[in-house]
J.: 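Have a look at the structure that comes next, please.
To find a chain, count down the sequence lines: A is the first, B the second, and so on, and within it residues start at 1. Since this is a predicted model, take the numbers as computed values, not measurements.
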Amino acid sequence: MAKFQAPKGVSEYVPDRSSHFDYVRSTLIESAVVAGYQLVELPVFEDTELFARGVGESTDVVRKEMYTFEDRGGRSITLRPEGTAGVMRAVIEHNLDRGQLPVKVYYSGAFFRAERPQAGRYRQFYQVGIEAIGVADPRIDVEVIAVAERAFRQLGLQNYRLEITSLGDSLTRENYLADLRSYISGVSLDEETTARASLNPLRLFDDKRPEVKDLMSKAPVLMDYLTPESAADFAKVQELLSMIGIDFVVNNRMVRGLDYYTGTAFEFVHNDLGAQSGIGGGGRYDGLMAQLGGQELSGIGFGLGIDRILLAREAEGLALPDGLGLDLYIVPLGTGDEALKISEELRLRGIRVDLAFGDKALKGAMKSADKSGARYAIVLGADEISSGVVSLKEMKSGETTSVTLSALANELIERIANLGENS
RNA sequence: GUGGUCGUAGCUCAGCUGGUAGAGCACUCGGUUGUGGUCCGAGAUGUCGCGGGUUCGAGCCCCGUCGAUCACCCCA
């Protein structure tokens, strides 16, 4: 029979790599939680119009990368290609913006874009994102950036940089885009590039062809058009980032792929990832809430790519930290009934326990103990059960200690706690 | 969506100018009494991605297809 395979271009995680994935995801989430962001768990599909209006009709995401289908009721549905539009919809729908501001939420899950896959670019991929809605304050911009930066540091990443820019307010953009368009219309470009420019002239700053780069290096720069208010905000953001010790580089040619960004925009770029080097990015969006039928509230947020962050950790040779695996592995001799019972008692105390099943020989079961990565192992045979004493073996050193079964849970808990203090 | 490279045991790969498959690691069992990681021995494992074609004969050649990968495009 022909074997099935996963659909083209999806990322999926199975042991042992899945534990690394889970470590990255939970570290990112924890960084948001400690800053007061609360979970929103949202659908992975939404009304197509939400993304068309929210993300922007001119974006590639909306024009050619969405998974769109008609449901049985004839509605046009789209698998979410990004997180912010759905969050705005939920905030408006549940009136979260009627209470205290800012609304601070995080999300985590799968997103979908029908692109040609390559390393770090998948058709189903995973992000953790946060949004802070309702307060336009450079300090929140910096907090949002700090949530990402802190997570990256905790994950041990080194070889990356933070790029920031300001896209200015609507007046800034209006003036700037007019000048940029007239500059572009004055230079000669091929048909396809001209078409891209007419959709969003900013995109040309991303072009990798030398001749286009050369042309764009002489183009007007948005930074020069910032209104005094935008310029002051941007200066404040930089000042505060420095104050809390976050390094950054200003990239005044940064291009963001989604149309809703205004003001502060940022991107984390990793150096070891090839073409798909962005591990996270975000920015402020002034008009989005109103655009989607809500109040005129500004917001800021980011999306971090779990897949790419995992690749970045692997590229930097970072291993999983100790202490995430099993605490104890039980090797039963004879019937394993007692081992099963004890494992449940220990698990009830929060100790991570696995055991050998299926009447494995001692040697084989000890090998399993070794491979399980458990910190400790005990053999549980007739002797131990009748005497009530087991020999607790630390797998790494091979040292054994006699412990009574009744004291085993406390002994393990104490040792695990000590380990946490030492590391 | 466009172009390049690639696809052989669970994993990493070898397989010369076409003659019906191999290594290392991993896995299972064993090296006589209840303790893994080293060592030694034995063993199982592949429709050579899939489909067609050329040939007396194809893992090696040709076409298609699926997938991966790299770049473009775009982005997390």
J.: Return the pairing partner of B:G34 with a 3.5 Å limit on both distances, Watson-Crick or G-U wobble; otherwise return none.
T.: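 WC or wobble partner does not exist here.
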J.: Just checking A:G274: base, sugar-phosphate only, or nothing, at a heavy-atom cut-off of under 4.0 Å?
T.: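 Sugar-phosphate only.
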J.: Pick the nucleotide of RNA chain B nearest each of A:G364 and A:K8; which residue has the one closer to the 5' end?
T.: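 This one resolves to A:G364.
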J.: What nucleotide among B:C73, B:U35, B:G67 has an atom nearest to a side-chain atom of A:Q276?
T.: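 Output: B:C73.
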J.: Measure from OH on A:Y329 to P on B:U35 and round the result to the nearest Å.
T.: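 My rounded result for the distance is 17 Å.
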J.: Can you tell which of B:A71, B:G34, B:C66 lies closest to the side chain of A:Q5?
T.: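 Nearest to the side-chain atoms of A:Q5, counting from C-beta on, is B:C66.
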J.: Evaluate side-chain contact (heavy atoms from CB on, under 4.5 Å) for A:V221 paired with A:D224, printing each intermediate quantity in order.
T.: CA-CA 6 Å; A:V221 174; A:D224 299 334; 3.9 Å; yes
J.: Reading RNA chain B from 5' onward, which residue's closest nucleotide shows up sooner: A:K396 or A:L380?
T.: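 Its nearest nucleotide being more 5', the pick is A:L380.
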J.: Flag this pair as yes if the NZ/CZ of A:R253 is under 6.0 angstrom from the six-membered ring centre of A:F205 and inside a 45 degree cone about the axis; otherwise no.
T.: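 No.
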J.: With a non-hydrogen cut-off below 4.0 angstrom, is A:Y122 in contact with a base, only sugar-phosphate, or nothing?
T.: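 Base contact.
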J.: Ring stacking, A:F125 with base of B:A76, under 5.5 Å and under 30°?
T.: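 Check passed, A:F125 stacks on base of B:A76.
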J.: How would you label the contact of A:K367 with the nucleic acid (heavy atoms, under 4.0 Å): base, sugar-phosphate, or nothing?
T.: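 The answer is sugar-phosphate, as A:K367 gets under 4.0 Å only of primed atoms, P, OP1 or OP2.
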J.: Can you tell me if CG on A:D71 sees more than 12 non-hydrogen neighbours from other groups inside 6.0 Å?
T.: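 Yes - once you tally the heavy atoms of other residues, nucleotides and ligands closer than 6.0 Å, there are more than 12.
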J.: At under 4.0 Å between heavy atoms, what does A:G9 touch on the DNA or RNA strands: base, sugar-phosphate, or nothing?
T.: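 The residue A:G9 makes sugar-phosphate contact but no base contact.
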J.: Looking only at heavy atoms, which two atoms of A:Q154 and A:Y23 are closest? And how far apart?
T.: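 Closest approach of A:Q154 to A:Y23, heavy atoms only: O-OH, 3.8 Å.
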J.: Mind checking A:L333 for me? I need base, sugar-phosphate or nothing, with any heavy atom below 4.0 Å counting as a touch.
T.: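 Base contact.
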J.: So, is A:K371 close to the B:C27 phosphate, meaning a side-chain N or O under 4.0 Å from OP1 or OP2?
T.: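 A:K371 to B:C27 OP1/OP2: side-chain N or O found under 4.0 Å.
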J.: How would you label the contact of A:E82 with the nucleic acid (heavy atoms, under 4.0 Å): base, sugar-phosphate, or nothing?
T.: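 Here A:E82 touches no strand at all.
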J.: Can you tell me, in whole Å, how much space there is between the C1' of B:C61 and that of B:U28?
T.: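 It works out to 40 Å between them.
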